[in-house]
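Chain letters run A, B, ... following the sequence lines, proteins first and then strands; every chain starts at 1. Reckoned from all heavy atoms, side chains included, excluding hydrogens, waters and symmetry mates. Here the structure is a predicted model, which is why all the values come from computation and not from measurement.
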Amino acid sequence: MITKQKGTYDIYGEEAKKRAYVDEILDSLCEKYNYGYIETPVFEASELFHRGVGEATDMVQKETYDFKDRGDRMLTLRPEGTAGVVRWFIENKLYGNMSEPVKVYYNAKMYRYERPQSGRNREFTQWGFECFGSDDVMSDAEVISLAYNAYRLLGLDNIVVRINSLGDDESRNRYRDALLDYLKPRINDLCEDCQKRLEKNPLRILDCKVDADSDIIKNAPKTIDYLNDTSKERFDKLKDLLDLMDINYEVDVNLVRGLDYYNHIVFEIVLNDSYALGGGGRYNGLVETLGGPNIPGVGFAMGYDRTLLAMEEEGVHIPINDSIDIYLLYVSSSEKDTAAYLAQDLRLNGFVCETDMMSKSLKAQFKSVDRYNAKYFIVLNDEDLKDNMVTIKDNKTKEEEKVNINDLVDYLDMHM
RNA sequence: GCGAAGUUGGUGAAGUGGUUAACACGCCGGAUUGUGGCUCCGGUAUGCGUGGGUUCGAUUCCCACACUUCGCCCCA
């Protein structure tokens with residue numbers, strides 16, 4: 001038997017309906033914020049991610065799906081959404097007219113070669129959005145607001161936005177040096193992973209789970225203390241705006257994010273004070289890094305699958321229609337034609353209609369009525385049909401009524 | 001890449017080194033039924049993840065691998 005690949009999954013049935021529900025909420029919310037939907041290719045030149053996400057990151061070094069196509073091109077299945085969108089932005093020269101910011105959102109499959117576990121797969125979905133062209137703190141606030149409200153509208157109330165600022169390049173570099181100076185003499189007291197991180201990505205030592213409670217981490221220099229005046233002002237202004245918008249946030253001075261391209265504000269949306277459901281931040285250097293002009297950007301990505309999981313764990317009610325409007329039964333095969341015709345007629349008039357296609361006995365057809373959870377059913381029989389009549393029965397109240405076949409749509413319109 | 005647990009039918013599962021692998025749900029057929037939903041009767045596994053090994057004999061013991069689930073790294 002050929003089975004699905006590790007870390008992939010089929011989406012169908014109730015799961016598919018839940019996702020359709022979530023998608024609808026997210027789509028309509030993006031519309032309110034005037035973000036346009038974008039789809040970029042699943043695979044891109046490998047270099048896009050190496051340069052965009054960061055050559056040194058684990059994501060690029062050991063988690064990408066890389067392959068050569070038949071033309072010897074080095075390609076990579078996208079491990080995240082931002083790089084592709086930035087490529088699109090540059091390639092189509094959208095920077096040519098920056099009289100308004102360019103705002104897009106995506107809802108797409110991503111691929112990372114990882115060990116699957118709860119809320120994490122090799123093929124997974126991210127919903128995310130990017131805003132290009134504004135370096136105003138207003139755009140930071142808008143992005144956070146959009147992300148925050150998405151979770152709220154999905155029924156996740158117990159969320160908080162954790163924010164921090166890495167500052168501009170100058171601040172960030174000053175901080176990095178200070179952190180290294182501080183950590184180097186003390187590194188042997190930290191865990192093995194942290195010792196490795198010192199070289200690769202020292203900022204991440206700050207949110208190490210093992211050493212979280214150690215004094216070394218607690219007393220480490222904070223990014224905030226190394227912000228220059230403009231960066232600091234900007235961070236304060238953002239907090240004012242979030243207060244104004246009544247967004248539940250807290251400053252987390254140890255929040256750094258995994259990808260190289262972030263600067264200034266970074267944030268995560270956290271559920272129940274522990275479980276991160278999405279994250280984002282500003283990436284003012286990224287467009288330039290990828291070959292475009294110096295255009296600022298800010299964005300966010302939601303871990304779609306884990307958000308759905310969280311909704312289930314939080315007991316969020318997701319409305320799912322698991323019933324049909326009407327089931328057509330027939331006593332003998334002579335009424336089949338009528339069933340075929342009538343089913344089409346009802347469907348075209350907007351009703352969810354089913355009939356038997358398995359040559360079932362009448363008894364078995366009745367079972368189908370209940371399996372499909374039909375609101376109404378009709379047993380077609382030649383006797384009634386002779387007079388162009390049909391007996392429709394409400395499957396809940398069990399009341400039945402004889403209706404002219406031509407009045408059936410009107411009857412259903414009135415009763416449903 | 002590292003660690004833990006698991007892998008029996010459409011589903012939930014019980015079970016044993018040796019003739020026909022419990023039980024339940026579901027599904028199919030039949031009886032009864034005024035056109036069903038209750039009840040009753042009958043049927044329903046390419047044989048126990050894959051490949052090796054031990055054995056007279058393995059689904060049951062051993063090894064490897066795969067997959068699933070959970071955790072670490074990483075990410076979100």
> B:C72, B:G37, B:A76: which one has an atom nearest the side-chain heavy atoms of A:A301?
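Shortest atom-to-atom distance from the side chain points to B:A76.
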
> Measure from NZ or CZ of A:R78 to the centre of the six-membered ring of A:F49 and say whether it is under 6.0 Å with the direction within 45° of the ring axis.
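Pair A:R78/A:F49 does not count as cation-pi.
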
> In Å, rounded to the nearest 0.5 Å, how long is the span from CD1 of A:I405 to CG of A:L385?
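A:I405 CD1 to A:L385 CG: 5.5 Å, rounded to 0.5 Å.
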
> Tell me: CG of A:N121 to C1' of B:U69, nearest whole Å?
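A:N121 atom CG is separated from B:U69 atom C1' by 11 Å.
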
> If we take the C1' atom in both B:U60 and B:C27, what is their distance in whole Å?
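The answer is 30 Å between these two C1' atoms.
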
> Atom CE of A:M59 and atom P of B:C74: how far apart are they, to the nearest Å?
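Spelled out: CE on A:M59 to P on B:C74 is 14 Å.
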
> Which nucleotide, in any strand shown, forms a Watson-Crick or G-U wobble pair with B:C56, with both distances under 3.5 Å?
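With both distances under 3.5 Å, B:C56 matches B:G18.
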
> Figure out the CZ/P separation between A:F366 and B:G29, and round it to whole Å.
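From A:F366 CZ to B:G29 P: 15 Å.
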
> Given B:A76, B:G37, B:C28, which nucleotide is nearest the side-chain atoms of A:R371?
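Nearest to the side-chain atoms of A:R371, counting from C-beta on, is B:C28.
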
> Would you mind pulling out the nucleotide paired to B:A64, Watson-Crick or G-U wobble, both distances under 3.5 Å?
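Check on B:A64: paired to B:U50, both distances under 3.5 Å.
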
> I want to check one thing: is the phosphate of B:C70, taken as OP1 and OP2, less than 4.0 Å away from some side-chain N or O of A:S118?
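Affirmative; the distance criterion is met.
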
> Counting the atoms with a prime plus P, OP1 and OP2 as sugar-phosphate, which does A:G7 contact under 4.0 Å by heavy atoms, base, sugar-phosphate, or nothing?
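Result for A:G7 = sugar-phosphate.
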
> Just how far, in rounded Å, is C1' of B:C40 from NZ of A:K363?
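Result: 10 Å.
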
> If I pick the P atom on B:G37 and the same atom on B:G29, what distance separates them, to the nearest angstrom?
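B:G29 and B:G37 have their P atoms separated by 14 Å.
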
> Provide the distance between the two P atoms, one in B:A13 and one in B:G6, to the nearest whole Å.
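These two P atoms come out 14 Å apart once rounded.
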
> Students often get this wrong, so: under 4.0 angstrom with heavy atoms, is A:D384 touching a base, only sugar-phosphate, or nothing?
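The residue A:D384 makes no contact with any strand.
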
> Quick check on B:C72: is either OP1 or OP2 less than 4.0 Å from any side-chain nitrogen or oxygen of A:Q117?
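True: A:Q117 side-chain N/O within range (under 4.0 Å) of B:C72 OP1/OP2.
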
> Please report the interatomic distance CH2(A:W127) to CE(A:M302), rounded to the nearest 0.5 Å.
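A:W127 CH2 to A:M302 CE: 5.0 Å, rounded to 0.5 Å.
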
> Taking N and O atoms by type only, does the side chain of A:R120 place a donor or acceptor under 3.5 Å from a partner on the base of B:C74?
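Donor-acceptor pair under 3.5 Å: yes.
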
> For A:T3 and for A:K393, find the nucleotide of RNA chain B with the closest heavy atom, then tell me which residue's nucleotide is more 5'.
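Here A:K393 is the residue nearer the 5' end.
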
> When the distance from CD1 of A:I378 to P of B:G36 is rounded to whole Å, what number comes out?
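My rounded result for the distance is 18 Å.
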
> Taking the P atom in each of B:U69 and B:A24, what is the distance between them to the nearest angstrom?
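The same atom, P, in both gives a distance of 31 Å.
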
> In plain terms, say whether A:K239 and A:D236 are close enough for a salt bridge, that is, a side-chain N and a carboxylate O under 4.0 Å apart.
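Looking at A:D236 together with A:K239, the answer is yes, because their closest N to O distance falls below 4.0 Å.
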
> Below 4.0 angstrom from OP1 or OP2 of B:C67, is there any side-chain N or O of A:K6?
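So the side chain of A:K6 is within the cut-off, an N or O lying under 4.0 Å from OP1 or OP2 of B:C67.
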
> What's the gap between B:C61 and B:G26 when it is taken at their C1' atoms, as a whole Å value?
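Rounded to whole Å, the distance is 35 Å.
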
> Would you mind reading off the distance between A:Y376 atom OH and B:G37 atom P, rounded to a whole angstrom?
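About 22 Å, once rounded to whole Å.
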
> Suppose you measure atom C1' in B:G1 against the same atom in B:C63; what distance do you get, rounded to whole Å?
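Per the computed distance, 23 Å lies between those C1' atoms.
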
> What integer distance in Å separates A:R122:CZ from B:U69:P?
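In whole Å, B:U69 P and A:R122 CZ are 12 Å from each other.
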
> Between B:C74, B:A76, B:G36, spot the one nearest the side chain of A:E114, thanks.
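Comparing B:C74, B:A76, B:G36 against the side chain of A:E114, the answer is B:C74.
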
> When you measure from the centre of the six-membered ring of A:Y304, is the NZ or CZ of A:R306 closer than 6.0 Å and no more than 45° off the axis?
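Judged by the rule, A:R306 and A:Y304 form no cation-pi pair.
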
> Could you check which nucleotide pairs with B:U39 in any of the strands shown, counting Watson-Crick or G-U wobble with both distances under 3.5 Å?
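B:A31 - that is the nucleotide pairing with B:U39, both distances being under 3.5 Å.
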
> Taking a pair as Watson-Crick or G-U wobble with both distances under 3.5 Å, which nucleotide is matched to B:G1?
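Across any shown strand, B:G1 pairs with B:C72.
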
> Could you let me know what B:U44 is paired to, Watson-Crick or G-U wobble, both distances under 3.5 Å, or none if it's on its own?
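Paired with B:G26.
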
> Report the residue (A:E63 or A:K4) whose heavy-atom-nearest nucleotide on RNA chain B is the more 5′ of the two.
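Between the two, 5'-proximity favours A:K4.
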
> Quick one: do A:D273 and A:R162 make a salt bridge, cutoff under 4.0 Å?
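A salt bridge is present here (some side-chain N lies under 4.0 Å from a carboxylate O).
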
> Find the distance A:D10:CG to B:U68:C1' and express it as a whole number of Å.
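Checked: the CG to C1' distance equals 14 Å.
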
> When you measure from the side chain of A:D384 to the backbone N and O of A:V390, does any donor-acceptor pair fall under 3.5 Å?
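It does not hold such a pair.
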
> Quick one: label A:Q126 by what it contacts on the DNA or RNA (base, sugar-phosphate, nothing), any heavy atom closer than 4.0 Å.
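Here A:Q126 touches the backbone only, sparing every base.
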
> Quantified in whole Å, what is the C1' atom distance between nucleotide B:A14 and nucleotide B:C48?
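These two C1' atoms come out 12 Å apart once rounded.
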
> So does A:R120 pair up with A:D305, basic N to acidic O under 4.0 Å?
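No, this pair does not count.
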
> What distance, rounded to whole Å, do you find between the two P atoms, one in B:A22 and one in B:U16?
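About 14 Å, rounded to a whole number of Å.
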
> Once you apply a heavy-atom cut-off of 4.0 Å, does A:F377 come out as touching a base, just sugar-phosphate, or nothing?
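Touches a base.
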
> Heavy atoms under 4.0 Å, any strand shown: does A:N381 hit a base, just sugar-phosphate, or nothing?
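Since a base atom lies under 4.0 Å of A:N381, the category is base.
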
